[in-house]
Structures are given as C-alpha cells and as structure tokens.
Amino acid sequence: MNKKALCASLHQSGHNSGVIHSGIYYTPGSLKARLCVRGAALIYEYCDQKGIPYKQCGKLIVAVKQPEIPRLQALYERGLQNNVPGLRLIGAKDIKEKEPYCRGVMALESPYTGIVNYKQVAQSYKDDFCDAGGSVLTDFEVTDIKMVNESPAGSVQGIEYPVAIKNNKGEEVHCKYVLTCAGLFSDRVSQVSGCSAEPRIVPFRGDYLVLKPEKCYLVKGNIYPVPNPRFPFLGVHFTPRMDGSVWLGPNAILAFKREGYRLCDFNARDFKEAVTYSGLHKLVLKNLSYGMGEMYRAFFLNAQLKELQKFIPELSFNDIARGPSGVRAQALDRDGNLVDDFVFDGGSGDLANCILHVRNAPSPAATSSLAISEMIASEVEERFGL
C-alpha cells in the first residue's frame, strides 16, 4: 500500500465561486500574494494540458462612489507590486464598454482573472494521483491515528508502515507518512493525532443568489466591489459560471453544520462547538453590526438587491432567485482573530516524525492549489528527511 487519499476535495472546492483569482488583494511580498500569482499561472497551464475548459473573462473592481477611489488606486499599486498581468484603471466610459449595464466612477480592470469548474479540476487531480499509483478512499471518517507498536503475524506493515489510520467502521489504513489537508475538519483530524485544539474551524455559509437565465446578458465578466479592508473576501460579487449562469453574492453567516449547504442543515456537535467557542464570541462582539447586516440580507432578498443595484441599477426583484451555497472553513483563534495564514502542525511524540497536518490554507486556496502543493511538498521533504 503505497499512497492513500481519504477524501475527494469536493466540498469547499466543489462549492466555491469558480473564480481563478489574479492576486490583486494581498500584501506585496506575502506568501499569499506569491502563491496566488504563481498558482493562477499554473492552473491555466494545467487546464491547457488536461483539456479542462476555462474562460479568461476578466474582472472589474468597481468604485461606485468617489470616496472609494483612493482604496481602488491603492489596490492597483498593490497589484502592480504583486506582478499581476494587465492591470489598468479605467473610467466610467470604459466601464460601460466592458460591462454595458454596470455603473461606476472608476474601476480596476484585471483581464487575467478567469473562471473554471473546480470540481473538474479536483477530479483531474484525483486521476493524476491514481495514475501515479495512489488510491482514493471516500466515506472514510477518521477516528484515530496512532503508531503501530508491532506488526500483525506474517506482516511487515508495522515496520514499513508504522502509522495506522482507523475509521468509524473499524477499518485501518497503514502508512509510512501521513499528510492531512482536511478542510472543514482539519482541526478535528489534527486533534485525533494529539495536536492542539487551536486554531478552531468555524464554518461560515455563503449563500448565493442567481440571475434568472433570461437576465444573464447583464453580466459579461466578474464584477466586484472595492473590498472592505477588514473582510476583503466579502461583498456582493457578480460571478459568471462555466455553464452560463451568473451567481450573485455571497453573504457570510454562521453555518449550523460543517457540511451544511442549506439554511435548515443542522448538526448538534458542529453547532455546539461553534457557539460555545470563546473565539467566536469575541469575533461576534467585535463585528456585531456587520454580522447583523449579513444576517438581515440573508433573509431579506430586497436588502441584498439594493446592494446589487449599486452596480447594475437595471436589476429588479423579479430578475433574481436564491441559488447554491458554499461553506468556508474559517480558522479562528481564541482571541476572535481570523487566521489568515498557513498553519502546519505535527503534534508531539513519535507521530510528529511522520505526520504533517495542513490546518489552514486560506483563500484563494483553489486558485493557488498547485503552488500550495509545491510548498507542501517542500515542507514534507524537510520534515521527513525525504
């Protein structure tokens, strides 16, 4: 048994916006910036090699009010420092040429931004893994990770593969080294092997609206607002999809289930862990008004529509409908801070010599996935002396 993968990467990645980000938003020189810019280039190259369709439809980050212009200009400078290709600032006339139904006083154009179906990308990654001799096991809920003290009779597994991973059905997989990237369950899987409970994963659901098919002509490429510096991943986004549909949103509200994509989805353990966590309490208190606004817009479509009409005034209530949702695995520390960097953990004891947990891989992890894999491979080689 050489290589095993225990999940299919179809939850977070399979429910995301599908955008290939260009790397505008991130601090120049930061790891996130470097990984995003390189990751986007690698994704486009990979899709070309594998015949995975994508569209380089571009993005406009639109300032609808004069006070937003300094922040937009700062984003432009940041994008240039990050070596994002093709950036330019455009005025109201050029906005109309690019997006005829969009209004704004100034916009930052990013022609390098694209869209892809990340389910197809994840499936292709799985195929590559299997072609390299690996196996993918689904429906394998990990309940224990431990060192094997001795081999079963007539077996050398305990010698060559000293780590045993057990699932909730009592089945075991034996490994020489273990790398986990468990997304929404990264904290729990880490704790199974004796690691700290921090940082905690708190699930936030992002609900999208969709344009009705007869109104999809209103949007040609991605249209984004000038981001709120505190929550740059939020705000109303107009996102075209590979199937021709257009998603609007998302919002961000607490999910009552880690894999809960519907409003009524509930899991008692997930809910209890989230609402009793001191880090969530502090986050809510620091951002109470913003959070209440998100909740209000989640329940009342007219409130969300008003935000959308700031960019496309022609939109009416009859043009939109409730759409799909995704769940963001937000890593949170006990002080209520969003963990916005990569977190690696190996725990302590003998297991630490042969296990590496990727506990947090912040957005845009799908865009950056191939660049992140290079970084993780280097980390594995260094930790395990390979």
Side-chain angles (χ1 to χ4, degrees), residues 1-14 31-32 35 38-39 42 46 118 121-148 157-167 171-199 201 258 329 331 339 341-363 365-386:
M1 190 178 301
N2 296 319
K3 304 168 187 173
K4 290 288 184 182
L6 306 179
C7 64
S9 302
L10 294 182
H11 273 283
Q12 280 199 102
S13 298
L31 184 60
K32 285 184 69 172
L35 289 175
R38 175 160 175 75
L42 290 174
Y46 182 84
Y118 279 111
V121 175
Q123 181 69 34
S124 185
Y125 288 168
K126 185 270 290 183
D127 293 341
D128 292 343
F129 182 75
C130 293
D131 290 344
S135 302
V136 175
L137 308 179
T138 57
D139 192 23
F140 194 103
E141 182 182 339
V142 176
T143 58
D144 193 21
I145 303 176
K146 63 183 180 181
M147 298 295 293
V148 177
Q157 281 191 336
I159 299 172
E160 293 189 30
Y161 305 104
V163 184
I165 303 176
K166 182 180 288 188
N167 71 5
E171 301 167 334
E172 285 191 355
V173 172
H174 289 257
C175 313
K176 188 171 185 178
Y177 300 107
V178 177
L179 169 66
T180 77
C181 305
L184 284 158
F185 297 91
S186 62
D187 55 345
R188 291 185 188 169
V189 171
S190 300
Q191 289 177 74
V192 163
S193 68
C195 296
S196 166
E198 305 284 341
I201 295 298
R258 292 202 181 195
V339 179
D341 204 350
F342 291 87
V343 178
F344 294 107
D345 198 353
S348 58
D350 292 338
L351 267 177
N353 297 320
C354 37
I355 190 166
L356 175 64
H357 298 290
V358 183
R359 299 191 58 160
N360 192 48
S363 180
T367 296
S368 307
S369 55
L370 290 171
I372 290 172
S373 70
E374 293 176 334
M375 182 184 71
I376 292 174
S378 297
E379 185 76 18
V380 166
E381 290 174 352
E382 181 179 342
R383 289 205 180 205
F384 301 154
L386 301 178

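Remember, predicted model here, so these are calculated numbers, not experimental data. Values reported hereafter were calculated over all heavy atoms of this structure, with side chains retained and with hydrogens, waters and symmetry mates removed.
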Do [X] and [Y] make a side-chain contact, defined as non-hydrogen atoms from C-beta onward lying under 4.5 Å apart?
| X | Y | value |
| --- | --- | --- |
| Glu172 | Ile165 | no |
| Phe342 | Ile376 | no |
| Arg383 | Glu379 | yes |
| Cys175 | Val173 | yes |
| Glu374 | Arg38 | yes |

Considering all heavy atoms of both residues, which atom of [X] and which atom of [Y] are nearest to each other, and what is their separation?
| X | Y | result |
| --- | --- | --- |
| Lys176 | Val163 | O-CG2, 4.2 Å |
| Asn360 | Ala329 | OD1-O, 4.4 Å |
| Val148 | Ala164 | CG2-CB, 3.5 Å |
| Ile201 | Leu184 | CG2-O, 3.6 Å |

Can you tell me how far the [atom1] atom of [X] sits from the [atom2] atom of [Y], to the nearest 0.5 Å?
| X | Y | atom1 | atom2 | value |
| --- | --- | --- | --- | --- |
| Ile355 | Lys146 | CD1 | NZ | 14.0 Å |
| Ser193 | Ile145 | OG | CD1 | 5.0 Å |
| Leu137 | Asp139 | CG | CG | 10.0 Å |
| Leu35 | Leu370 | CG | CG | 11.0 Å |
| Ser196 | His357 | OG | NE2 | 11.5 Å |

Of all residues at least two apart in sequence or in a different chain, which pass the ring pair (Phe, Tyr, Trp, His ring centres under 6.0 Å) check with [X]?
| X | result |
| --- | --- |
| Tyr46 | Tyr125 |
| Phe344 | none |
| Phe185 | none |

Show me the pairs that pass salt bridge (charged side-chain N to carboxylate O under 4.0 Å, His left out) and involve [range], at least two apart or across chains.
| range | value |
| --- | --- |
| residues 190-199 | Glu198-Arg334 |
| residues 346-362 | Asp345-Arg359 |
| residues 178-187 | Asp187-Arg258 |

Quiz prompt | Whether Ser124 side chain and Val121 backbone form a donor-acceptor pair below 3.5 Å | solution = no
Quiz item: Any sub-3.5 Å donor-acceptor pair from Thr143's side-chain atoms to Lys166's backbone N or O?
Solution: yes
According to side chain to side chain contact (heavy atoms under 4.5 Å, CB included), who are the partners of [X], at least two apart in sequence or on a separate chain?
| X | value |
| --- | --- |
| Asp341 | Leu31 |
| Glu171 | Phe140, Asn167, Lys169 |
| Ala365 | Ala361, Ile372 |
| Tyr177 | Cys354, Phe384, Leu386 |

Practice problem: Take Leu179 and Val358, measure what side-chain contact (heavy atoms from CB on, under 4.5 Å) needs, and give me the verdict at the end. | Solution: CA-CA 8 Å; Leu179 169 66; Val358 183; 3.9 Å; yes
Quiz item: What residues, two or more places apart in sequence or in another chain, satisfy side chain to side chain donor-acceptor pair (under 3.5 Å) together with Lys32?
Solution: Asp340
Quiz prompt | Partner residues of Ser186 under the side chain to side chain donor-acceptor pair (under 3.5 Å) criterion, sequence neighbours left out | solution = none
